[in-house]
Amino acid sequence: MNLLRWVLIKNLKSHAGEEVEIRGWLYNQRSSGKVRFLILRDGTGLVQCVLTKEEAPGLFDLAGEITQESSLKLTGTVREEPRAPMGVELSVTGIELISRAEPYPITLKDHGVDFLADRRHLWIRSPRQAAILRIRSTVEQACRDFLNSRDFVLADAPIITPNACEGTSTLFEINYHDSRAYLSQSGQLYNEATAMALGRVYCFGPTFRAEKSKTRRHLMEFWMLEAEAAFLDYEDNIKLQEDLVYHLVQTVLERHRDDLRLLKRDISKLEAVSLPFPRLSYTEAVSLLNEKGHSFQWGDDFGAPDETVISESYSSPVFVHRFPAKIKAFYMEPDPKNPEVILGADLIAPEGYGEIIGGSQRISDLSLLERKIKEHNLPVDQFQWYLDLRRFGSVPHSGFGLGIERTVAWICGIEHVRESIPFPRTLYRMHP
RNA sequence: UCCUCGAUAGCUCAACGGUAGAGCAACCGGCUGUUAACCGGUAGGUUGCAGGUUCGAAUCCUGCUCGAGGAGCCA
């Protein structure tokens, strides 16, 4: 397929003075009697196309019939135009209407959340939503590029699982040919197995949580990048995570200036992110909270408001490490200096976006892991395969999981994670 | 599951016990440079559903449905 027959709107600048064809949808049009302005979008950007009645009366009248979101091919001469936001305009020489749209429900005026969510399949056409989805694509690509460049192998984890991975969160149950199965909440345990096979691995796919969480940070179905590496210790793991997150921010800053501006993102807040990220032990975080007048007991887990208070003290994401073992997952390695806490850390995004990474060194000792499984009241027989990883050449290893939607929401500076995925699944909504 | 808020024209909202209204969208007309263009006109309603109070209910009360924000839970 020859894609050079028409030009993408984002590339129009390099065709100044040429006659080109563009293909897309009508975003809006304005007219003032003898001049008509068509704003065309093609997924890569918006461009204003100009027609005058004097020069082309036939085209001028045809253009007036074109409704919002009609699809069309336009030919015209690319002209540098300082008045245009894009810097270029198209002087129209030809119009081919492909399909005239019915009256389009999503006008250029304000709409409510419910109205837009019911029409998510159309809402994603709006410039703001398209910008977010382009940035999401880049974030996902940058995750893969980063890990591939560090010799990680993509090893996909199953989505259908026979039991809870961590035993903590609520799972969606499915009927697996008359036996019970669940949608995966994490690929982590499988990652540990593939890491023992391949050394450094990651999986990247959807994960499912059935908790009835109803906040701007929660989805029922969200995407998680999970990495796991043999011989990686707690400290190596932290360094890997901060390098990754820094890389994501820099990549978006490099490639998406225009999109960030369209989103009205305060770019200086992203530019302020720097290495190394601050590190705060759980115990220090508790003190910080108490200093700031938030009463908090050592041993409790942080709530969303606590995370926000912690994040507000830093301009980069902040690691909170060495949580009490009893509020974290069973597989996390105890700190040899204080077995009450674990060798793991959560990475909390700035500006109150919440936890974007959870990671830890994993227990490599067979008998300790067996004991922890029993302490957490998990079915030991279901975990025999997982315990095998400690029976046959166990090594210290570490890993983490990064939530894509929260990361994208933070980088884009948007209010709610539902806009950071094409079709969000929230507590009371799974259509369209 | 709990707390708070909301539901009126296609959309965003107003009217808060006394004739249901505006802006935008749609439709008709006007205007050479507009940036959510603007100007004039037309049409558009079982006020979420079911009861109740009242001479009279969009408005007050009760229940329900749907949704939003938050808490808990979780990432």
Side-chain angles (χ1 to χ4, degrees), chain A residues 27-39 46-55 60 64-65 67-69 79 81-86 89 91 101-119 122-123 126-128 164-171 184-188 206-226 300-308 327-329 346-349 352-359 400-407 409-410 415-418 420 426-429 431:
Chain A
Y27 177 65
N28 190 22
Q29 71 162 303
R30 287 180 282 270
S31 161
S32 51
K34 293 179 181 166
V35 185
R36 214 186 278 287
F37 304 97
L38 304 182
I39 318 280
L46 293 169
V47 66
Q48 177 160 279
C49 309
V50 188
L51 290 146
T52 64
K53 192 167 195 169
E54 202 175 66
E55 286 168 19
F60 186 88
E65 302 292 310
T67 51
Q68 187 188 357
E69 287 303 318
R79 190 163 40 75
E81 171 55 69
R83 283 172 292 187
M86 285 263 311
E89 273 185 359
S91 298
E102 293 176 22
Y104 191 64
I106 303 181
T107 64
L108 272 50
K109 301 292 175 181
D110 290 333
H111 298 283
V113 174
D114 190 42
F115 179 83
L116 290 170
D118 280 343
R119 293 158 184 79
L122 302 176
W123 185 20
S126 67
R128 205 183 139 74
C165 282
E166 302 180 10
T168 51
S169 52
T170 318
L171 306 183
S184 176
Q185 58 168 326
S186 165
Q188 130 123 48
T207 52
F208 306 88
R209 305 285 167 94
E211 279 102 9
K212 295 195 186 297
S213 298
K214 187 169 157 44
T215 80
R216 69 185 68 188
R217 298 176 307 282
H218 289 89
L219 297 170
M220 301 299 104
E221 175 183 303
F222 69 99
W223 284 65
M224 192 151 64
L225 174 78
E226 293 180 277
D300 288 345
D301 204 355
F302 299 127
D306 305 314
E307 288 179 347
T308 301
I327 58 169
K328 285 293 177 183
D346 288 353
L347 185 65
I348 299 173
Y353 282 92
E355 181 188 341
I356 53 173
I357 289 184
F400 64 89
L402 174 139
I404 292 299
E405 287 76 17
R406 285 187 184 178
T407 303
W410 160 53
E415 273 297 298
H416 198 300
V417 289
R418 66 178 159 229
S420 65
T426 54
L427 183 53
Y428 294 122
R429 195 186 289 279
H431 293 285

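All chains are named by letter (A, B, ...) in the order of the sequence lines, taking the proteins before the strands, and each is independently numbered beginning at 1.
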How far does the P atom of B:A22 sit from the matching atom of B:A43, given to the nearest Å? 12 Å
Could you check which of B:A71, B:A36, B:U32 has an atom nearest any side-chain atom of A:Ala304? B:A71
Measure from the side chain of A:Arg217, starting at C-beta and using heavy atoms only, and say which of B:A71, B:A75, B:A68 lies closest. B:A71
Of the nucleotides B:C11, B:A71, B:A36, which one has an atom closest to the side chain of A:Lys109? B:A36
At less than 3.5 Å, do the side-chain atoms of A:Lys214 and the base atoms of B:A68 form a donor-acceptor pair? yes
Measuring from the side chain of A:Asn28 (C-beta onward, heavy atoms only), which nucleotide among B:U32, B:G33, B:A36 has the closest atom? B:A36
Exercise: identify the closest heavy-atom pair between A:Phe60 and A:Ser31: CZ-OG, 4.4 Å
Would you mind classifying the nucleic acid contact of A:Asp114 as base, sugar-phosphate or nothing, using non-hydrogen atoms under 4.0 angstrom? sugar-phosphate
B:G40 pairs with, by Watson-Crick or G-U criteria that keep both distances under 3.5 Å: B:C28
Ignoring hydrogens and angles, are the base of B:G33 and the side chain of A:Glu89 linked by a donor-acceptor pair under 3.5 Å? yes
Rounded to whole angstrom, note down the P distance from B:G51 over to B:A58. 15 Å
Would you indicate what A:Gln68 reaches in the nucleic acid, counting non-hydrogen atoms under 4.0 angstrom: base, sugar-phosphate, or nothing? nothing
Determine whether the aromatic ring of A:Phe222 stacks with the base of B:A75, defined as ring centroids separated by less than 5.5 Å and ring planes inclined by less than 30°. yes
Once you apply a heavy-atom cut-off of 4.0 Å, does A:Gly401 come out as touching a base, just sugar-phosphate, or nothing? nothing
Minimum-distance nucleotide (side-chain atoms of A:Arg209 versus B:A36, B:U32, B:A75): B:A75
Would you kindly give the CG-to-C1' distance between A:Asp118 and B:G10, to the nearest whole Å? 14 Å
Out of B:U34, B:C73, B:A71, minimum distance to the side chain of A:Glu211 belongs to B:C73
Nearest non-hydrogen partners of A:Leu427 and A:Lys214, listed with the distance: CD2-CB, 3.9 Å
Base, sugar-phosphate, or nothing for A:Ser31, non-hydrogen atoms under 4.0 angstrom? base
What's the closest nucleotide to the A:His218 side chain, out of B:A75, B:G67, B:G10? B:A75
Could you tell me how far B:A57 sits from B:A15 if I compare only their C1' atoms? Round to whole Å. 13 Å
Quick one: label A:Glu405 by what it contacts on the DNA or RNA (base, sugar-phosphate, nothing), any heavy atom closer than 4.0 Å. nothing
Could you state the atom-to-atom distance from NZ of A:Lys212 to P of B:C3 in whole Å? 16 Å
Is A:Asp301 paired with A:Lys328 through a side-chain N to carboxylate O contact shorter than 4.0 Å? no
Hey, does the side-chain of A:Ser213 have a donor or acceptor N/O within less than 3.5 Å of a partner on the base of B:C73? yes
Is it true that A:Arg209 and A:Glu211 make a salt bridge, defined as a side-chain N closer than 4.0 Å to a carboxylate O? no
Which nucleotide, if any, forms a Watson-Crick or G-U wobble pair with B:A7, using both distances under 3.5 Å? B:U65
Need the pair for B:A71. Rule: Watson-Crick or G-U wobble, both distances under 3.5 Å, any strand; none if unpaired. B:U1
Among B:G72, B:A68, B:C74, the nucleotide that comes nearest once only the side chain of A:Val113 is considered: B:A68
For a quick check of understanding: with a heavy-atom distance under 4.0 Å over all strands, which category does A:Arg429 fall into, base, sugar-phosphate or nothing? sugar-phosphate
Over all strands shown, is A:Glu307 touching base, sugar-phosphate only, or nothing at heavy-atom distances under 4.0 angstrom? nothing
